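First the structure, in the form of structure tokens, and then the observations on it.
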Amino acid sequence: KCYERYTIEESHQYYKEAFDILSNKTDRSKEEDTLLIDLLIQWSSVYHVRGDMTGLEGLLKSHEAWVSSLDDEARIGMFHAWRGLSLNFKEKYHESYRHLSHALEIGERINNSKIIGYSSCWLIQTCSNLGLFDEALAYGRRAQEISEMMPSDRSLFRFTFFGMALIYYYKGEKKKTAECGRILLDHGEKHADVRCTSIGHVALGLGFTVAGDYDRAIECLKKAIQVSLDPLFQYAGKIALGLSYVSAGRFHEAESICEDVIKFTEEFGFEFMGSAAQAFMGIVMITKGDVARGINIVESIIQQLLENGSRWRYAVISHMLGRVYSQIAQGGGGEKSLSFFLKNIGFLIKTVPFATRKAEGYFQTAIETAKEIGAKSVLGQAYLDLGKLHKAKGRLAEARTCISQAVQSFEECEADVYLKQARDALASLG
């Protein structure tokens with residue numbers, strides 16, 4: 001009841017008390033064991049909406065051996081599904097994939113629609129993070145079929161359609177991302193489901209970011225934060241808002257948002273949001289004049305993303321750092337104060353002669369990765385900025401080739417704002 005009424009801390013406390021009573025019993029009956037694992041699975045929902053991924057992973061990991069020893073495949077399957085979701089948010093994507101695939105296998109073997117539905121909808125997120133977009137879409141379609149069979153399960157509906165919004169966002173499909181957002185908003189309004197409404201606003205905002213329409217994206221994401229009653233959905237809105245502010249060049253506003261997200265994610269171990277917020281904060285630090293430190297932070301996040309297989313975000317952050325080096329190569333993009341140069345003189349002396357090469361390297365990394373996984377919006381942005389750098393260096397033929405590629409990518413995305421920027425850049429070449 002507390003979970004349904006959004007009094008999450010109260011719900012968390014009741015689950016803890018009930019779980020402690022049962023888990024501390026030394027002579028549990030089979031029925032009490034069954035109740036204990038049910039509590040474990042239900043309590044996972046509370047940890048999830050709290051955004052407490054360290055707590056969720058600790059709870060599940062500490063009971064994994066015991067759960068696996070039980071003779072109850074239905075509950076074991078749901079346990080592994082939750083385990084897979086928790087590992088996704090801890091950026092352990094390959095482990096997440098293994099647990100979710102195991103859960104799906106159990107669900108199929110015992111013909112359990114709930115396990116099949118949840119493991120499929122959570123595989124959307126894990127596969128998307130690994131850049132396995134076709135696989136993610138296949139799981140998404142399967143989750144949608146199960147969700148239609150189980151209309152009373154609002155959580156499955158929400159997970160499924162937000163997962164679909166994410167995969168379309170990563171692929172750079174503006175209309176389909178926004179369509180998922182509207183479906184979530186309609187469902188939230190119809191059923192007075194605030195969780196569905198808040199994540200619907202996030203999805204709609206992501207649709208606008210695909211197009212480069214950051215003013216409308218920011219408006220949607222602010223609504224998501226305003227209506228959210230759970231930390232998870234509030235911070236989902238905030239991390240997306242931080243990205244929109246950075247992408248729009250509104251760095252002062254990005255700073256306070258990113259600081260808030262970093263503090264929250266460090267407290268609750270939500271690495272999936274935390275690494276992105278740290279990368280955005282690194283970009284903000286660069287714009288404030290702490291260039292060397294900011295670049296070091298962003299470079300360390302890029303390496304982390306490469307190691308854990310998060311290919312879409314690897315492409316996105318590589319593109320962002322490419323823009324930084326491109327600005328350095330072009331003289332900083334505007335007047336800088338004497339204090340800025342004095343603060344960064346050592347770094348600039350070592351970096352400026354190689355900034356063009358560095359920028360081109362990061363742009364090419366973003367382009368190659370985006371091509372490999374089919375991330376059209378990121379591909380277009382990287383091509384556009386590489387084309388602008390070629391133009392600044394007087395390489396007009398190369399500039400025309402890159403910007404033409406950007407136009408093609410944005411046309412496929414129907415990214416109207418980015419498309420206009422690319423066409424204007426192409427026209428400026430004569």
Side-chain angles (χ1 to χ4, degrees), residues 1-8 10-12 14-15 18 31 34-50 56 60 72-86 88 100 103-104 106-125 136-167 179-204 224 227-233 236:
K1 288 295 183 183
C2 292
Y3 177 83
E4 292 168 2
R5 294 169 182 167
Y6 304 95
T7 53
I8 296 305
E10 195 174 355
S11 176
H12 180 65
Y14 280 129
Y15 272 113
E31 289 76 14
T34 299
L35 177 57
L36 186 61
I37 192 172
D38 284 344
L39 283 169
L40 183 68
I41 292 167
Q42 292 166 21
W43 196 8
S44 296
S45 295
V46 179
Y47 270 108
H48 178 244
V49 296
R50 290 179 89 217
L56 177 58
L60 297 176
D72 192 331
E73 285 200 299
R75 289 176 172 83
I76 291 172
M78 278 306 299
F79 176 90
H80 279 286
W82 272 107
R83 187 88 172 91
L85 181 67
S86 71
N88 174 71
L100 288 166
L104 181 58
I106 292 172
E108 290 173 336
R109 185 169 61 247
I110 65 175
N111 196 26
N112 186 302
S113 295
K114 183 174 181 179
I115 297 172
I116 295 170
Y118 276 92
S119 55
S120 295
C121 74
W122 291 338
L123 274 163
I124 304 172
Q125 296 187 37
L137 278 174
Y139 286 125
R141 294 186 187 105
R142 193 167 189 191
Q144 282 181 279
E145 291 174 4
I146 300 293
S147 180
E148 289 172 5
M149 294 164 47
M150 303 169 60
S152 62
D153 193 331
R154 295 179 191 172
S155 292
L156 178 59
F157 180 92
R158 183 176 68 246
F159 280 123
T160 297
F161 277 93
F162 186 65
M164 294 300 284
L166 281 179
I167 179 62
E179 181 184 353
C180 289
R182 283 189 287 270
I183 289 170
L184 288 162
L185 287 172
D186 291 344
H187 189 85
E189 183 178 349
K190 181 178 179 180
H191 297 283
D193 185 339
V194 175
R195 293 182 177 112
C196 208
T197 300
S198 58
I199 210 66
H201 283 302
V202 173
L204 202 57
V227 302
S228 297
L229 298 176
D230 301 315
L232 174 73
F233 302 108

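Note that the structure is a prediction, hence the values are computed from the model and not measured.
- Put simply, CD1 on Ile167 and CD1 on Ile124 are 8.5 Å apart, with the number rounded to the nearest 0.5 Å.
- Summarising the geometry of Ser147 relative to Thr160, their closest heavy-atom pair is CB-OG1, 4.5 Å, with the distance given to 0.1 Å.
- In terms of heavy-atom proximity, Gly140 sits nearest to Met164 at CA-SD, 3.4 Å.
- Leu184 CG to Arg158 CZ: the interatomic distance, rounded to the nearest 0.5 Å, is 9.0 Å.
- When Ile106, Leu104, Ile110 are each tested for a side chain to side chain contact (heavy atoms under 4.5 Å, CB included) with Ile116, only one passes: Leu104.
- Contact annotation: the side chain of Tyr118 never approaches that of Leu85 to less than 4.5 Å [non-hydrogen atoms, C-beta and beyond].
- Put simply, the side chain of Ile146 reaches to within 4.5 Å of the side chain of Met149, judged on heavy atoms.
- Scanning both residues, Ile41 and Arg75, for their nearest heavy atoms gives CD1-O, 3.7 Å.
- For the pair Asp38/Gln42, a side-chain contact is recorded, criterion being any heavy-atom separation below 4.5 Å from C-beta on.
- Of all heavy-atom pairs spanning Gly181 and Ala203, the tightest one is CA-CB, 3.6 Å.
- No side-chain heavy atom of Phe157 sits under 4.5 Å from any side-chain heavy atom of Asp153.
- Here Glu108 contributes atom CD and Ser120 contributes atom OG; the two are 7.5 Å apart, rounded to the nearest 0.5 Å.
- Between Ile115 and Ala103, the shortest heavy-atom distance links the atoms CG2-O, 3.1 Å.
- Here the CD-CZ distance, from Glu179 to Phe161, works out to 8.5 Å after rounding to the nearest 0.5 Å.
- Within the 4.5 Å cutoff, the side chain of Ser45 has heavy atoms near those of the Trp82 side chain.
- Counting only heavy atoms from C-beta outward, the side chains of Phe233 and Val202 never approach each other to under 4.5 Å.
- Summarising the local packing, CD of Glu189 is surrounded by 12 or fewer heavy atoms from other residues, nucleotides or ligands at distances under 6.0 Å.
- Rounding to the nearest 0.5 Å gives a distance of 5.0 Å between SG of Cys196 and NE2 of His187.
- Looking only at distances, a side-chain donor or acceptor of Ser198 sits under 3.5 Å from a matching main-chain atom of Val194.
- Contact annotation: the side chain of Asp193 never approaches that of Thr197 to less than 4.5 Å [non-hydrogen atoms, C-beta and beyond].
- The heavy-atom pair separating Val49 from Asp230 by the smallest distance is O-CB, 3.7 Å.
- Distance check, rounded to the nearest 0.5 Å: NE2 of His80 to CZ of Arg83 gives 9.0 Å.
- Aromatic ring centres of Phe159 and His48 lie closer together than 6.0 Å.
- A cation-pi arrangement is not found for Arg154 relative to Tyr3, the charged atom failing to lie both closer than 6.0 Å to the ring centre and inside a 45° cone about the ring normal.
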